[in-house]
Amino acid sequence: MFEFMDMGFDQASEAPVSGPYIPDAGECLRCGMCVSTCPTFRLFQTNEETPRSRIRTISKILVENVAITADERQHLDNCLQCRACETVCPSKMAYGELFDQARLKLEITPSWLGKLALGLIENKRWRMRLLPGLAVYLKSGLQKPLRRTGLLKKLGVAEAEALLGKPALKGLAGHYPAKITKRGQVALFTGCIAEHFDQETLQAAIKLLNSIGYDVTVPPQQGCCGAIHQHNGQAAASLIANNIAVFNALEMDAVLHAATGCGAMLSEYQHEDAEAAGLFRQRLQDINAFLLAHWPDDQRLQALPKKVAVHEPCSQRNVLKNQQTVYNLLAKIPELEVAALANNPLCCGAGGSYMLTHPDNAAQLRDLKRQAITAAQADWVVSSNFGCAVFLDVDADKVSHPLLILARQLPI
Ligand code: SF4
Ligand code: SF4
């Protein structure tokens, strides 16, 4: 018997009679099935770094209303929110929701840097003002000398700076008409920073949708999905309400997301107006799934005699559970060899803002993922989540969204 099998869950606590599901400590069976799925257990090999131990801490916060120790807090914060533990738990612990509730209750005050980052992802006008300066900095050649001074590290922005890619200064247009006879119309969720830092993927999405007969609308009033706020213990209600109002006001066949991290958050939107939230979720679809379902039989792609390895983001594997659509969509490219990365069940370390808040843990997990990438011997790696792609692609220039490969193979 492993030591971590005894978690001291002898005293079951009272569950609330209404409201969102909150775990009763007694609901954890102490089975240990979640332990081997957990990336932090993989790194630290300690009982405290297991989902079950965190469930115990969450229960103290949410159910027992007792103070937790600094150690318990640190182990809780080490969680990547990959939700791999949810997929195997026989008690169906809603770990992601419980974690968010617990962090909200802890009333975390963000650092000045955290406040700035949250402000920037909330506020489009701030971002638009900052982008030209950022583009000049990235072009100036100052990056390397500035890194050497150590100033970026002192300011706590070294990790974020290392991830910066060249931003697109101009946003997307509001409407892109179908290139063949119109079959329908869809709205595209672009969120916050992707419109500037992953515009290539969004353009590929639009090109593909237009090529199979769909008009694409990109409503400018949309905003951040709220995932970073929620996972960091901050209220996301106003961001959620805005997106629900913006997209529900449109007459569309579907609302599509092209980043699974955002998609996972959007797919679980709750709102005081349950009907409005329900309508939003009902029309929401992952773009890979939508393209696959609506791909015309006579739409041929150019052959590509290369090999691509598929990275399956946690948000796709553990929440949306539609990773197979990527393989099926890429299979439409003649002669392309498509393979899964060997360690797909293990989180790559990106974890939303985790790569910035826990850079050492994140880098260790990335190293493990890179070993699998090397072993795959593929020409490219694809990931349907922008955050994972950016994090894995540092110094690699090999990871991109599957839609970029598909769009390049459209007939000329
Ligand atoms: S969400 Fe991921 S990192 Fe967090 S406890 Fe579960 S498996 Fe571990
Ligand atoms: S899998 Fe679920 S029931 Fe089993 S130890 Fe983990 S949290 Fe508890």
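Numbering of ligands and ligand atoms starts at 1, following listing order.
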Working note: Lys60 + Glu72, criterion salt bridge (Lys or Arg N to Asp or Glu O under 4.0 Å); need CA distance, chi angles, decisive distance, verdict. CA-CA 10 Å; Lys60 281 185 178 176; Glu72 285 171 326; 2.6 Å; yes
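- Protein neighbours of ligand 1 below 4.0 Å, counting non-hydrogen atoms: Cys38, Pro39, Pro51, Arg54, Cys79, Leu80, Gln81, Cys82, Arg83, Cys85, Tyr95.
- Applying the 4.0 Å criterion to heavy atoms of Pro90 picks out, from ligand 2, the atoms 1 (S).
- One N or O on the side chain of Tyr269 and one on the backbone of Cys225 form a donor-acceptor pair closer than 3.5 Å.
- Listed by number with element, the atoms of ligand 2 under 4.0 Å from a non-hydrogen atom of Gly32 are 4 (Fe), 5 (S).
- Remark: the Gln222 side chain and the Thr190 side chain contain an N/O donor-acceptor pair separated by less than 3.5 Å.
- Annotation for ligand 2: atoms under 4.0 Å from non-hydrogen atoms of Ser91 are 3 (S).
- Judged purely by atom type and a 3.5 angstrom limit, Asn47 has no side-chain atom pairing as donor or acceptor with the backbone of Arg52.
- Side-chain atoms of Gln101 and Glu97 form a donor-acceptor pair, as typed in the model, at a separation below 3.5 Å.
- Asp253 and Tyr214 share no donor-acceptor pair across their side chains, judged by distance under 3.5 Å alone.
- Judged by distance alone, the side chain of Asp379 and the main-chain N or O of Lys307 form a donor-acceptor pair under 3.5 Å.
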